[in-house]
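What you see is a predicted model, and the numbers here were worked out from it, not measured in a lab.
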Amino acid sequence: MTDSNVNITALMDILTVLLFFLIKSFSLSSTSLSIPDGVRLPASFTNSPVVDAVKLSLSEKELKADHQLLANLKNGQFRGSDLSRDHKTITSLKEYLDVQMQKKKALIPEGAREEDETFGKLIIQADKELSFKTLKLVLHTAASSGYEDYQFIVKEEE
Amino acid sequence: MPLRLSRKLKKRQSLPLPEVNIVSLMDILTTLLFFLVIFASFSKYSSLNASALVFGKPSADQKQRFDLRIRFDHPKRATLLLGPFDKLKSSERSDLERLIGREFQREQDGGVKKTIYGKSTEDLVRRLQAVLIPIKKAFPHETGALVLVGDRIDYQEFVDLLGGVRELSPKEEPLTLTTLVGTKETSRVLFPGVSVGEWN
């Protein structure tokens, strides 16, 4: 029997190049996004990067914050029982965001908040067919909890 | 002396090639690659940034400020309101003044207004941009705009308008702007500092 020498140099080259590109693409996207079930993202030509922040997802059936179910929707509308007296604030979302804001404030001193790129930011993944009437309740609640910068997640247009 | 050196070299050349065992390195690379491929997201997502409309105390000074509002209350209609701007610093104002004289209505506060209609939201955004371009050319240093959205607008339509107010699409020719100091700049950016409010 003779020794069979398999030359794996070419394979090594391919693997290293692949690894290089994958690591590079990982470092470019600062946050990982998984699109929740039932959310069809709108398309846009914009290509701004996504900065990590509290993630809200809004489909025709439910509102979730960081994968935690906060409210069920009926035909793409919030139920009256989920809203506070002003009919503009989503009670469960307000409670969740207030807690998150307190945690963030405890972590970041007051003077450094303006420089922190994640402070007061929200990632919003909403279904493209929802009406602004539904979305504005989320925006209103977020603003009342101190979240005033929104990142609307979109699919890049082909 | 040179004889010794050549002998040494001959000795070195005759040595067998060292075998480097790269099997463990291959194992590491393959494992790393496997995990990276599993967790890599191949879908392209990006974000469209906007801020909440926050009302502060009215300013005490009487200084004129750039005030651009777009009321979007129907998928095929938008109303553009530009506040008084006669005391603002501007660049190429002639195109804008010609357009205002031809197509805008004068408001009581000294501002101007124009209602834009489109066959679809996409067409509306294109027509809106045709008006935003001379405004941007006149005020190249201004970045803010307020978008007031009505209840009947779908999220996709809202995103289309928001994107159109922020920048020109890559398919379109970039703008050539003359800055306040007279230098020329090429850009696709219109008014990226969009605040969102509701229109009832």
Can you tell which part of L11(A) gets under 4.5 Å to a heavy atom of chain B, answering side chain, backbone, both or neither? side chain
Donor-acceptor contacts under 3.5 Å from residues 94-108 of chain B side chains, at least two apart:
| from | atom 1 | to | atom 2 | distance (Å) |
| --- | --- | --- | --- | --- |
| D95(B) | OD1 | R98(B) | NH1 | 3.4 |
| E103(B) | OE1 | K114(B) | NZ | 3.0 |

Side chains of K88(A) and S144(A), donor plus acceptor under 3.5 Å: no
Residue-level interface, residues 147-156 of chain B with chain A, non-hydrogen cut-off under 4.5 Å: V149(B), G150(B), D151(B), I153(B), D154(B), Y155(B), Q156(B)
Taking the cut-offs as 6.0 angstrom to the six-membered ring centre and 45 degrees off its axis, would you call K121(A) and Y150(A) a cation-pi pair? no
Whether the side chain of S169(B) engages the backbone of K171(B) through a donor-acceptor N/O pair (distance < 3.5 Å, no angle test) should be reported. yes
So, does S92(A) use its side chain to make a donor-acceptor pair with the main chain of L70(A) at under 3.5 Å? yes
What residue, out of G120(A), A142(A), A43(A), has the most heavy-atom pairs lying under 4.5 Å from chain B? A43(A)
K155(A) versus chain B, the contacting section by heavy-atom distance below 4.5 Å: both
Checking S59(A) against D127(A): is there a side-chain donor and acceptor pair closer than 3.5 Å? no
Part of Q151(A) within contact of chain B (heavy atom distance under 4.5 Å): both
Between T89(A) and D86(A), is there a side-chain donor-acceptor contact under 3.5 Å, judged purely by atom types and distance? yes
Indicate yes or no for a side-chain donor-acceptor contact from S84(A) to the backbone of T91(A) under 3.5 Å, with no hydrogens or angles considered. no
Bottom line for D160(B): the part with an atom under 4.5 Å from chain A's heavy atoms is side chain
Is there a path from I135(B) to L161(B) through hydrophobic residues (I, L, V, M, F, W, Y) whose side chains come within less than 4.5 Å of each other? yes
Measure distances from I153(A) to the heavy atoms of chain B and classify the residue's part below 4.5 Å as side chain, backbone, both or neither. both
